[in-house]
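Here is the naming used below: chain letters follow the sequence lines, and residue numbers restart at 1 for every chain.
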Amino acid sequence: MLEARAFEPGFLRRLDGLVLGVQRARTVREGRRALGRVHGLGIEPESFKEYTEGDDLRFLDWNAFARLDDLTIRTFRAEREIEVTILVDASASMGLPRGDDKLGMALGLAAALAYVAMASNDAVRLGAFTAGRGGTVRVETTPLHRRRELYPAFRPFVSALRCGGDTRMAEAVGRLLLERRRAGTVILISDFLISAGEYEQTLRLLLGARHEVKVIHVLGDRESTGAYPPGHYRVRDSETGELCEVTFGASAAEVCRRRVEKLSADLAAFCATRGIVYARAFGASHFDDIVMREFPRLGVVR
Amino acid sequence: MGLLNPRHLFYLASLAVLIAIYLRARAKPTLEVSSLMLFDEIAAPVASSRVLRTDLLFWLEMAALSALSMALAGLYVRRAAPAVHYQTRALVFDLGAAMGAREGRGTRLDQARRQALAIISAAAPGDSFSVIGYALEATVYRAPTSHLAAVRRAVNELKPEALPARAAALRAALMRARGAAEIEVFADRAPARGWLSAAGAGARVRLHQVGAPAANLAIVALEPGTVGATPGRMVVRNFSDRPQLCELALDLDARSVLRTTIVLEPRGQEVLPFGPLKRGGVVHARIVTPDALDADNNRWALAPNDKPDRVLVISPSPEARDDLARVALAVNQSLIVTAVDPVKFDLASAPRYRLAVLDDAYDPGIKAAARLIIYPPPWLEHSTPPPSWQLPVVGTVRMAEMQARADGEQLSQPLVLSPARILALPQWIDVLAYGTGVGSGGSFPLAGFGYDARGAMGVIAFSVNDHMLLDPDKLEALVLTVEMVKRLLAPQDLRIVPTGSSVSVPATGVAKIVAPDGSASAARADEMGRVRVRPLEAGRYEISSAGATAVIYANYYDAGESDLSAAPPAPAPSAPATPAAALAVAAAAARVKPIAPWLIAFALGAMLLEAALLTRTAMRWRARDV
């Protein structure tokens, strides 16, 4: 499975030079290193300003006062952290087509992004959502981990995750937001084989909670090219169980490709209008290229 | 169009297997996909019934399997025989004695000749003909040639032989004609069943039966009797279904002895006694009444002369001397036989003998017209070279077995003889009987007869001691000895033989042979000083060379061949009677051409096309999915 790729030492060494692309800090926490515009406690000097009443005398530059007889306050950059939540779609559609290993790719990407995020000692957690047999939405997350030494702690979660159920993305995200955590970065990884209204509602919820959202659109090799074995088939939807008859062949493949492009273009357009980073990850065979080339190009990582 | 192996149509059942596989394959397997969103533009609702739709691969496989099945079943097409401009044809003639039977102004052979000449005249330009005749054996008179004048000449020169037409000779003739596309057989009677098999399956054989039933009389046998003692007799047979008047004449050395007329009942046989003859000579019996066939109307026999010839018998064994003297007297009572021990024989006072019989004794140089060497001793005097008449002895076997009689017929069981010498006979001696040593595998001559410059010589390799010649269980040995003595006592310049037998006549240089019909031919004597003659006509042959003349009388009689009433009326040129022949004719008219190679090639082509399509699909849709 492809998720194991994200824990290979050689692959992780290649990720050491990357950092997560974050547009603005959302969370502030003392004693933690983070770059942000909010001034505050920290160890990295930023500038000087004249003393005004109420300033903390601990930051008064006594050497300058002795030489210049001016009261000058040293200002520091606040040390802040970003809480990164990487949410993986674990619905039944992520398990098909079986040879494409979409779920494995999604989990591998999620783990790789977690590793990159942990390079900045950001708090990172992985999550997955699916729907149970009774239609209930389940959202599972790992604890937040900050140090890279704890990166292997994600492995049991990644290895044990199985797909199934419907894709009820908006409901799952709504349940996640009920935790009322500070706004951070949410990376949503899914095949987005849902209605446009469903994913638009999902993304609006995340944006409404002031999260910085990144969308990773995952599709399999065969799925994205329509390269199914030619012939006549009954085709069953993995989530709804709906049946139809399809004759696969060259023309059907072309129709499939057009359909995927349209789906991707609609999603990308919606993201673009909302300032959401959108990245396509089509084909498990391109896993390394996607992580090492596409993600930096699209701003997912830097 | 037809099938050579209809049973192999069973392989068509494989089509059912293919259809079953196809139906199972086209049962539209269910494929689970992530979402139908991707197929909403190409999907169709599930139909409860489907129209039968097949793909190209299925039809290719159907075609390949069908072609292979039909190839196994031996599908063939009939095609008209291609027009052959240069057809080879064989004219096969029965030259048996019956073909010489008179009918109207000609003979049966003349009828066959006319039909053959008509066929030659009607032949297409470029056709080639061969002329083959058969009686005792098959002979090619003209090899295949398109020179029709030569073919006509060969046909016109054919002559009936005073021999029966044997079935084996017909088969041999048909085998020699195998290269011909058409074989025309001219015979006076229908050949035996299965005779066409010798012609091969590809030839078209036509039988032209000639001749009508005819009355025929024949002299079956002639016994001259003993001169001055016992009467002779002749046997005459009527082959007609009606009573026949038969006028007979009997001559002795061209002097009439008897002339009488008898009435023979239908298919009856009459024994006519005559004599006893007052002197010896050549007895000639003939039927004066004209009938259909001349060859069996004459018969010759030799009446032994009552001249008291001298015969010498030399043997160390008194019993053997006595037995051999008895045998000589049994052959001719007029002989004066002298039996002596070789030790007591005085060569100086010995007269010239007609026959010298030497049993287990050296020839000291006896003056004799003929010799019979029995169980010759080896030459033990190594100090002196053996005389020219000494037969080289290779070895001795304690017991010998005779395998075949003097006439060449195989014995029903081997005759166990006493000790025998293994002799290296000279080439001029014809071997009459072969034998083997008891327990050994190799054969060696037991008896031989031949002529050289000193006269006739007979050789018997086994011992005749212990009264073996009088042993009733070993009668073949006595018969062989009597025959040998008869041949040795017969005049060398006068031979009476059946037609077809091979006769060696002493000659020097080039010998002139005059046949019964007056035609003359020349033959060169071989290194042994003899000329071989094979009389094919009944009558008198005269062989003369270097001032010496020998006469051969050839007798002919064959019950089957002389029976001319058995031949049915000649039908029109008939088609072959057997199914095999009919098949051969049908095959020649419309040739069967199996198309299995084409079917197999078609199947291979279909498979190659299918492989190409599959490869193309594999390259397009990944090999693992195909």
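For the atom pair CZ (A:R222) and CZ (A:F248), the distance works out to 9.0 Å, reported to the nearest 0.5 Å.
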**Message:** Working note: B:T30 + A:Y233, criterion side-chain contact (heavy atoms from CB on, under 4.5 Å); need CA distance, chi angles, decisive distance, verdict.
**Reply:** CA-CA 6 Å; B:T30 301; A:Y233 295 93; over 6 Å; no
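For a residue to count as touching a neighbouring chain, one of its non-hydrogen atoms must lie under 4.5 Å from one of that chain's; by this rule A:A252 touches chain B with backbone and side chain alike. Looking at A:L263, only its side chain comes within 4.5 Å of chain B, counting heavy atoms on both sides. Within the 4.5 angstrom heavy-atom criterion, only side-chain atoms of A:K102, from C-beta onward, approach chain B. Only the side chain of A:R98 comes within less than 4.5 Å of a heavy atom of chain B; its backbone N, CA, C and O stay farther away.
Checked against the 6.0 Å centroid criterion, the rings of A:Y228 and B:F39 qualify as a close aromatic pair. Aromatic pair A:F192/A:F270: centroids not less than 6.0 angstrom apart.
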